Asks: 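Mind looking over this structure? Questions follow.
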Amino acid sequence: MSHEQLPTDRPAVVTVGLPYANGDLHVGHLRGYVDGDLYARALRRIGQQTAFVCGSDMHGTPVAVNAAERDVDPEAFALEWHEQYRDRFPEFNVEFDYYGHTHEETNIDLTQEFVRSWLDGGYIVEDEIEVAWDTELDEPLPDRYVEGTCPYCGAEARGDECDEGCQRHLEPGEIEEPRSVRTGNPAEYRTREHKFLRLSEFQEYLQSFIDRVEGTDNARNQPREWIEGELQDLCITRDMDWGVDYPNGDGEELVLYVWVDAPIEYVAATKQYTERVGTDTYDWEAAWKPGGESRHGMTFEEDWQAESGEIIHIIGRDIIQHHCVFWPAMLRGAGYNEPRAVLATGFVNIDGDALSTSRNRAVWAREYLDAGFHPDLFRYYITTGSGLSNDVDFSWDRFAERVNGELVGNLGNFCYRALLFAARNYDGTPETTVSDEIHGQIEDAVESFETAVQAYDVRTIGQVAVDLADVGNEYIQRNEPWNLVGSEPDRAAQVIRDCIQLTRACAVLMQPVMPEKAQRLWEQLGESGSVAEAGLDAAHSPPPETFGEPTELFEQVESDTVEALTEQLRERVTATGDEERDADSAESDEETVTADLDPVETDRIGFEQFQELDMRVGEIREAEPIEGADDLVRLEVDIGVDRRQVVAGIKQLHDTDTLPGTRVVLLANMERAELFGYESDGMVLAAGEEADLLTTHADAPLGSRIR
RNA sequence: AGCGGGAUGGGAUAGCCAGGAGAUUCCGGCGGGCUCAUAACCCGCAGACCGGUGGUUCAAAUCCACCUCCCGCUACCA
């Protein structure tokens, strides 16, 4: 809103959402880290003191469960992934000032300090909830430690979601016939006391925060609906061993919810960065605490803003709620500064379809590197492919097209032809000064770079150097120095002098997006230092007088390579898809709607089990849509012996006006349920996604039993 | 259904918040040029009634209202 323009004289901290230590990295993950790295580098480039930090998210139930399945210690399990990420990021030139993990002591201590601060502030309340309990171990069973029957569809389900049946999220206490994953014994429900952060206390604060925070539209607008209604208290504890202990010291086995200690890693990593380099280089407290100290009070605008560091979070758009609602409240409650900006990036699609690891529709980080491509090419592609908050499509085709067209043909070619010409004819930079025309062009480019940083416009930051090279190509072509060397040597020297300056400006401006390539170009210009440390002014300062012949900065991506990679991806997706789809009649039924058919259940049931289903012939008497629901219809079904009110999700295919009079099959001994405030007493049978109603062929009397 | 985000030449994208010269860039198509340069580069042409309908305004891709269609989050198919 009214934040001071960047760069400010206060330290900035740039963070990226923590990778969860539970799986391999793919291009979708990479996007955020590359965006963050580019932005942090760009901030430094305009003179903002910046720490770029992140860490692995080690806690939470999935890590605990997966570790238990492999019979390893969760810490060891998570550390393995952590180390892989830590080593992988630099391979993409994503260089954090500190990359830690949430199980480090600094984070654990800091997290507990946050919680104590909330306790002191009266922001924590206790409440009782039902949790599943293993009677043999005498231990509670959070989330995925329980399995049982889904109360909704009756399928086998895990404690937190009905993963094989109806896909619903399940709240603690909902799953039926609970069973312990650890011992296989039946579990029972016990009442347990848990801690809650009183978000409602921060309602007013959050509303002012959301008006003030900068960043992408989705991050600023989407939270409004959540903070305008009554804010629900956030359950911040779990019955587990794996996590950060709840710091009350009374011997209870509670750890903090993973979303408590995870974002605090942003602070912890910054702190560890300071511990490594010293407060003279970077003072984490100046960034995170108003005036360098934690403090309480309600008016950020008046008291705090001038003393706050520039905290900028880059996240995926799926975790906006955590960063724009929970996190600011957590910081506020502990007397810390609030984020200046939250940038929510879009997703990465593969060949136009959503990336899916389960279907193996993904391009893995490792795979990209193994194909032999330079990381800077990916960085350019992914940051400039679309606006930050839009989705970006990744395809090898398009990748090759953009690398060949924009990097090889445009940027690379311009720098190469300029440097080569200069080296051959002048042994370096011709002795003359830059023309006004080119000086102006460079000035414009530098200005648009600065403006882009202030506007969090990652795309433009990544693009300016290529745009400037475009100017250069046109300029050199228009002036034809190769025809002037003999006839008008002074003019030729002038043109080449200008091109060398353009090249130098390109090196300076492309550094955030392609740091390694920029450095190489810098050295080809005869420089020996680091282009990163050169500063923006270096775009205008004269290059060294002599340098040798350059080498090509980028290489063409060959079409054979593209075809091979595309084919490899396609085969992999098809292979995985076939397994899922099984008998998909792709060739035949052109007219028929080909659904993704499930394979037939392999478990056979006995006749007795079938007899348990009391299904009757019925006729719909009344039908009316239920207000507020998309698919739901309230039905009155006459089954001879009885007349039932049933709620069914069939509005998609069936018009409610035509339903009365339709004969249907009703499962009469289905347990009662309430949907959208209406009781449903039975279940009408219907086929497929579209809910095509089952009916009878002839005229069996109403109430006839199906057998 | 609620809330967000979208819809721009054949494809992909920018511009929209801070309205104003018949709209950016890349790929593709057509024609020409050049040869210093990685068969690359440069120029010109064709191609968009900026999703639809209304409104505000001297002026709308840009602001407002309604609608259609996509995507995401949430609800949801007893």
Side-chain angles (χ1 to χ4, degrees), chain A residues 150-154 166-169 216-226 228-229 316-321 344 346-347 349 352 354 384-387 389-393 395 397-398 400-402 404-410 412-422 424-425 455 457 459-460 463 466-467 470 472-485 492 495-496 499 550-556 625-633 646-653 666-667 670-676 679-686 688-691:
Chain A
C150 173
Y152 301 102
C153 69
C166 59
Q167 305 287 330
R168 278 186 192 75
H169 165 81
T216 51
D217 290 345
N218 47 7
R220 292 184 303 124
N221 293 331
Q222 199 162 355
R224 289 180 194 277
E225 72 163 312
W226 297 317
E228 260 150 34
R317 70 155 103 97
D318 50 338
I319 49 175
I320 288 175
Q321 184 172 22
F347 294 130
N349 294 325
T384 60
S386 179
S389 58
N390 296 336
D391 291 353
V392 173
D393 192 47
S395 78
D397 250 358
R398 184 115 181 91
E401 190 180 295
R402 294 199 57 211
N404 292 344
E406 297 166 38
L407 296 183
V408 177
N410 188 342
N413 188 241
F414 171 68
C415 295
Y416 185 62
R417 72 200 294 202
L419 289 171
L420 189 64
F421 199 95
R424 284 185 180 165
N425 292 280
D457 183 355
R459 182 193 159 100
T460 301
Q463 196 68 47
V466 172
D467 290 347
D470 214 12
N473 268 320
E474 192 273 328
Y475 181 74
I476 196 170
Q477 184 77 24
R478 174 156 44 92
N479 290 289
E480 302 184 327
W482 46 90
N483 289 335
L484 299 173
V485 227
V495 173
I496 292 305
C499 290
T551 52
E552 291 92 340
L553 206 52
F554 302 101
E555 283 165 24
Q556 288 270 357
I626 289 176
E627 210 170 310
D630 206 13
D631 295 344
L632 295 183
V633 181
V646 176
V647 179
I650 56 173
K651 210 159 80 181
Q652 303 285 47
L653 187 65
L666 184 91
L667 177 58
M670 183 73 195
E671 70 183 354
R672 289 188 177 84
E674 192 178 289
L675 284 156
F676 269 75
E679 178 172 293
S680 182
D681 186 8
M683 172 174 174
V684 291
L685 301 189
E689 290 287 304
E690 300 291 315

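Chain letters run A, B, ... following the sequence lines, proteins first and then strands; every chain starts at 1. Bear in mind that the values here come from a model prediction, so they are computed numbers and not experimental data.
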Asks: Is any side-chain heavy atom of A:V408 less than 4.5 Å from a side-chain heavy atom of A:N413?
Replies: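 Result no, sub-4.5 Å side-chain heavy-atom pair not found.
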Asks: What interatomic distance, in whole Å, is found between P of B:C17 and the corresponding atom of B:A61?
Replies: 12 Å
Asks: If you find the nucleotide of RNA chain B closest to A:N410 and the one closest to A:F554, which residue's nucleotide is nearer the 5' end?
Replies: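 Checking each residue's closest nucleotide, the 5'-ward one belongs to A:F554.
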Asks: Does a side chain donor of either A:D397 or A:S395 reach within less than 3.5 Å of an acceptor in the other side chain?
Replies: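 Side chains of A:D397 and A:S395: no pair found under 3.5 Å.
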Asks: Rounding to the closest angstrom, what is the interatomic distance between B:G31 and B:C16 at atom P?
Replies: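 After rounding to an integer number of Å, I get 37 Å for this pair.
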Asks: Heavy atoms from C-beta onward define the side chain here; which of B:A78, B:U38, B:C36 lies closest to that of A:E552?
Replies: B:U38
Asks: How far does the P atom of B:G11 sit from the matching atom of B:G52, given to the nearest Å?
Replies: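 Per the computed distance, 15 Å lies between those P atoms.
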Asks: With a non-hydrogen cut-off below 4.0 angstrom, is A:R478 in contact with a base, only sugar-phosphate, or nothing?
Replies: nothing
Asks: Measure CG/A:N479 against P/B:A37 and give the value in whole Å, please.
Replies: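 Computing the A:N479:CG to B:A37:P distance gives 18 Å.
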Asks: In whole Å, I'd like the distance from the CG atom of A:N404 to the P atom of B:C27.
Replies: 10 Å
Asks: Taking only side-chain N and O atoms of A:Y416, does any of them lie within less than 4.0 angstrom of OP1 or OP2 on B:A37?
Replies: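 It does not, given that no N or O in the side chain of A:Y416 lies less than 4.0 Å from OP1 or OP2 of B:A37.
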Asks: Now, which nucleotide makes the Watson-Crick or G-U wobble pair with B:C63, with each of the two distances under 3.5 Å?
Replies: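 Pairing partner: B:G55.
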Asks: For the backbone of A:F347 and the side chain of A:D391, can you confirm whether one donor and one acceptor N or O come within less than 3.5 Å of each other?
Replies: yes
Asks: Are more than 12 heavy atoms from other residues, nucleotides or ligands located less than 6.0 Å from atom CD of A:Q321?
Replies: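 Atom CD in A:Q321 is packed in, count exceeds 12.
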Asks: Determine the minimum heavy-atom distance between A:I320 and A:P223, stating which atoms define it.
Replies: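 Reported closest heavy-atom pair: CG2-CG, 3.9 Å.
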Asks: Using a 5.5 Å cut-off between ring centres and planes within 30 degrees, is A:W482 stacked on the base of B:C36?
Replies: yes
Asks: When you compare B:A59 with B:U13, how far apart are their P atoms, in angstrom units rounded to a whole number?
Replies: 33 Å
Asks: Can you figure out which of B:U38, B:G72, B:A37 approaches the side chain of A:N413 most closely?
Replies: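 Closest nucleotide among those given: B:A37.
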Asks: For the C1' atoms, the ones on B:A14 and on B:G4, what distance do you get once it is rounded to whole angstrom?
Replies: 22 Å
Asks: Does any nucleotide pair with B:C73 by Watson-Crick or G-U wobble geometry, both distances under 3.5 Å, and what is it?
Replies: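 Its partner is B:G2 (Watson-Crick or G-U wobble, both distances under 3.5 Å).
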Asks: Using purine N1 to pyrimidine N3 plus N6-O4 or O6-N4 for Watson-Crick, or N1-O2 and O6-N3 for G-U wobble, both under 3.5 Å, which nucleotide pairs with B:A7?
Replies: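 When the pairing criteria are applied, B:U68 turns out to be the nucleotide that pairs with B:A7.
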Asks: In whole angstrom, give the distance that lies between atom CZ of A:F347 and atom P of B:G5.
Replies: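 Taking atom P of B:G5 as the reference, CZ of A:F347 is at 15 Å.
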Asks: If you measure from the C1' atom in B:C64 to the same atom in B:A1, how many Å do you get, rounded?
Replies: 25 Å
Asks: Using the C1' atom as the point on both nucleotides, what is the distance between B:C49 and B:A23, in whole Å?
Replies: 13 Å
Asks: Across all strands, who's sitting opposite B:A18 as a Watson-Crick or G-U wobble pair, both distances under 3.5 Å?
Replies: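 Matched B:A18 with nothing under the 3.5 Å cut-off.
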Asks: What are the atom names and distances for every N/O pair under 3.5 Å that joins the protein to nucleotides 9-13 of chain B?
Replies:
unit_1, atom_1, unit_2, atom_2, d
B:A12, O2', A:R398, NE, 3.2
B:A12, O2', A:R398, NH2, 3.2
B:U13, O3', A:R459, NH1, 3.4
B:U13, O2', A:R459, NH1, 2.9
B:U13, O2', A:R459, NH2, 2.6

Asks: Would you call A:N425 and A:V485 a side-chain contact if the rule is heavy atoms closer than 4.5 Å?
Replies: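 The answer is yes, as the side chains (C-beta and beyond) meet within the 4.5 Å cut-off.
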Asks: Is there a donor-acceptor contact under 3.5 Å from the side chain of A:T384 to the main chain of A:Q463?
Replies: no
Asks: Expressed in whole Å, how much space separates the C1' atoms belonging to B:U74 and B:C27?
Replies: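 Their C1' atoms lie roughly 39 Å apart.
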Asks: Less than 4.5 Å apart, side chain to side chain, heavy atoms only: is that true for A:R417 and A:I476?
Replies: yes
Asks: When we call it a touch if two heavy atoms are under 4.0 Å apart, what does A:I320 touch: a base, just sugar-phosphate, or nothing?
Replies: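 Answer is nothing: A:I320 stays at 4.0 Å or more from every strand.
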Asks: Contact between A:D470 and A:F414 at the side-chain level, heavy atoms closer than 4.5 Å - yes or no?
Replies: no
Asks: Using both distances under 3.5 Å as the test, list the Watson-Crick or G-U wobble partner of B:G31, or none.
Replies: B:C43
Asks: Taking pairing as Watson-Crick or G-U wobble with both contacts under 3.5 Å, can you name the mate of B:C36, or confirm there isn't one?
Replies: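 For B:C36, the partner nucleotide comes out as none, under the 3.5 Å rule.
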Asks: Return the nearest nucleotide to the side chain of A:D470; candidates are B:G4, B:U25, B:U38.
Replies: B:U25
Asks: If each of A:F421 and A:Q463 is mapped to the nucleotide of RNA chain B with the nearest heavy atom, which maps nearer the 5' terminus, i.e. the 5' end?
Replies: A:Q463
Asks: Considering every strand and a 4.0 Å limit on heavy-atom distances, what is the contact class for A:F414: base, sugar-phosphate, or nothing?
Replies: nothing
